[in-house]
Amino acid sequence: MISRYGTYIFDLDGTLLDSLTDLYLSCNYALKAFGMPERTLDEVRCFVGNGVRKLMERAVPGGAGHPQFDDTYALFRQHYMQHNLDHTCPYPGILDMLRQLKANGCGMAIVSNKFYAATQELARHFFYGLIEVAIGECEDIRKKPAPDTVIEAMRQLGVGREECVYVGDSDVDIDTAKNSGMPCISVLWGFRDKAFLLSHGATDLAALPAEITNVF
């Protein structure tokens with residue numbers, strides 16, 4: 001089947017990878033080390049989506065204003081870089097979907113608010129040979145929902161926005177697609193449910209990875 005779009009730009013966490021458990025464990029490792037109350041899995045699920053610094057700002061009592069925030073955040077980063085492959089894996093059907101898109105001649109990229117080194121490591125580990133470009137948080141590129149990471153992905157792929165579609169699981173992704181001037185496919189297997197996505201402007205929904213290649 002020929003894909004409707006020539007290029008697919010994917011969010012990472014909650015879209016391609018189920019990374020919630022490792023984020024949750026690293027978050028609580030850092031909180032516990034500094035005597036702060038630990039967070040539940042559902043709380044961490046609600047905290048993710050705007051980058052790991054924002055995750056920790058939401059998890060630490062008092063956020064960035066806490067006197068030990070910087071140390072807690074640094075410990076989280078250190079622990080997560082060492083343990084981000086402990087439980088993280090692609091959602092069922094993701095690899096088959098990516099292989100089909102590649103067979104269809106589609107270009108693919110990852111754009112994430114996860115810090116750059118972790119984005120690159122996870123992309124190489126799980127998607128080597130399938131996804132050509134992976135861009136994470138770095139100092140000179142604004143985070144999503146700003147369009148900067150998407151623009152950089154298009155630059156590296158050598159494509160224009162008119163042939164691209166964005167695929168993500170959150171309100172941040174819906175806004176990123178809008179700010180990038182491209183349609184958005186919102187997935188239902190990630191960190192946000194259907195009601196949440198619809199309330200934040202989702203229009204095209206995919207319940208299974210195969211639907212991205214079969215329908216859109």
Side-chain angles (χ1 to χ4, degrees), residues 8-32 38-60 72-98 108-131 133-138 143-145 149-150 153 166-176 184-194 196-197 206-209 212:
Y8 289 71
I9 299 179
F10 293 96
D11 170 56
L12 184 60
D13 296 277
T15 300
L16 297 178
L17 294 181
D18 183 357
S19 55
L20 184 60
T21 297
D22 286 331
L23 290 166
Y24 160 75
L25 292 173
S26 290
C27 173
N28 280 336
Y29 177 87
L31 293 173
K32 184 177 180 180
E38 297 180 48
R39 297 293 191 166
T40 68
L41 187 66
D42 283 341
E43 284 179 316
V44 174
R45 183 191 304 274
C46 293
F47 294 162
V48 299
N50 297 90
V52 291
R53 180 179 176 86
K54 183 61 68 174
L55 160 63
M56 294 308 292
E57 287 179 5
R58 292 164 173 162
V60 171
T72 308
Y73 176 53
L75 184 60
F76 164 85
R77 287 177 61 105
Q78 178 185 6
H79 187 270
Y80 185 69
M81 285 303 299
Q82 295 171 348
H83 295 276
N84 62 25
L85 293 175
D86 289 0
H87 303 90
T88 293
C89 62
Y91 287 100
I94 288 295
L95 291 176
D96 288 340
M97 179 264 291
L98 296 178
M108 291 178 280
I110 291 168
V111 294
S112 176
N113 279 342
K114 186 188 294 292
F115 38 91
Y116 195 89
T119 301
Q120 291 279 306
E121 178 182 356
L122 291 167
R124 283 193 300 267
H125 182 81
F126 290 111
F127 310 120
Y128 181 79
L130 291 172
I131 297 183
V133 172
I135 299 168
E137 177 187 359
C138 54
K143 296 190 299 182
K144 300 183 297 181
T149 52
V150 176
Y166 187 98
V167 184
D169 75 303
S170 74
D171 54 321
V172 173
D173 296 312
I174 294 168
D175 290 341
T176 300
C184 181
I185 300 171
S186 297
V187 306
L188 299 180
W189 55 81
F191 297 160
R192 303 290 186 264
D193 62 23
K194 181 177 181 179
F196 179 94
L197 292 169
L208 296 169
I212 293 175

Check against side chain to side chain contact (heavy atoms under 4.5 Å, CB included), N50 and R58: CA-CA 10 Å; N50 297 90; R58 292 164 173 162; 3.1 Å; yes
Here the gap from I185 atom CD1 to I9 atom CD1, rounded to the nearest 0.5 Å, amounts to 12.0 Å
Return the minimal non-hydrogen interatomic distance between L98 and I131, and the atom names on each side. CD1-CD1, 4.0 Å
Taking atom CZ of F196 as the centre, report whether more than 12 heavy atoms of other residues, nucleotides or ligands fall under 6.0 Å from it. yes
Under a 3.5 Å threshold, yes or no: a donor from one side chain and an acceptor from the other, between H87 and D22? yes
How far does OG1 of T72 sit from CD of E57, to the nearest 0.5 angstrom? 12.0 Å
Could you measure the distance from the NZ atom of K143 to the SG atom of C138? Nearest 0.5 Å is fine. 11.5 Å
Report yes if the side chains of L55 and V44 come closer than 4.5 Å at any heavy-atom pair, otherwise no. yes
Sub-3.5 Å donor-acceptor pair from the side chain of E43 to the main-chain atoms of T40, do we have one? yes
For residues Y91 and L16, determine if any side-chain heavy atom of one lies less than 4.5 Å from a side-chain heavy atom of the other. no
Compare every heavy atom of T149 with every heavy atom of I135, then report the nearest pair and how far apart it is. CD1-O, 3.7 Å
Heavy-atom side-chain contact between D18 and T88 under 4.5 Å: no
Indicate the atoms forming the closest heavy-atom contact of V111 with A153, along with that distance. CG1-CB, 3.9 Å
How about L122 and K114: do any of their side-chain heavy atoms sit closer than 4.5 Å? yes
Could you tell me if N113 and R53 have a donor-acceptor pair between their side chains, going purely by distance under 3.5 Å? no
Write down the atom of A134, the atom of T119, and the distance for their closest heavy-atom approach. CB-CG2, 4.2 Å
Please tell me if the side chains of V48 and L23 come closer than 4.5 Å, counting only heavy atoms from C-beta onward. yes
Minimum heavy-atom distance P90-F127, with the two atoms named: CG-CE2, 4.2 Å
Assess the residue pair I110 and Y8 against the criterion (side chain to side chain contact (heavy atoms under 4.5 Å, CB included)); give the C-alpha distance rounded to whole Å, side-chain angles, the decisive distance to 0.1 Å, and a yes or no. CA-CA 9 Å; I110 291 168; Y8 289 71; over 6 Å; no
Measuring from atom CG of L197 to atom CG of D169, what distance do you get when rounded to the nearest 0.5 angstrom? 7.5 Å
Is the closest side-chain heavy-atom distance between L75 and Q78 below 4.5 Å? yes
Answer yes or no: is there an ion pair linking D11 with K144, defined by an N-O contact shorter than 4.0 Å? yes
Grab the two heavy atoms, one from F191 and one from S19, that are nearest each other, plus how far apart they are. CZ-OG, 4.0 Å
Under 3.5 Å, is there a donor-acceptor pair between the side chain of W189 and the main chain of A207? no
Tell me yes or no: between the side chains of D173 and S170, is some donor less than 3.5 Å from an acceptor? yes
Tell me whether the NZ or CZ atom of R77 lies within the 45° cone about the ring axis of Y80 and under 6.0 Å from its centre. no
Separation of L20 CG from D13 CG (nearest 0.5 Å): 9.0 Å
Stepwise side chain to side chain contact (heavy atoms under 4.5 Å, CB included) check, V187 with V167: CA-CA 7 Å; V187 306; V167 184; 3.7 Å; yes
Distance under 6.0 Å and angle within 45° of the ring axis: does R39 meet both against Y24? no
Measure the spacing between CG of N84 and CG of D86 and express it to the nearest 0.5 Å. 8.0 Å
For a side chain to side chain contact (heavy atoms under 4.5 Å, CB included) check, start with the C-alpha distance between M56 and C27, then their side-chain angles and the critical distance, and finish with the verdict. CA-CA 7 Å; M56 294 308 292; C27 173; 3.9 Å; yes
With a 4.5 Å heavy-atom cut-off, do F126 and L85 have their side chains touching? yes
When you compare the side chain of M97 with that of F10, does any pair of heavy atoms fall below 4.5 Å? yes
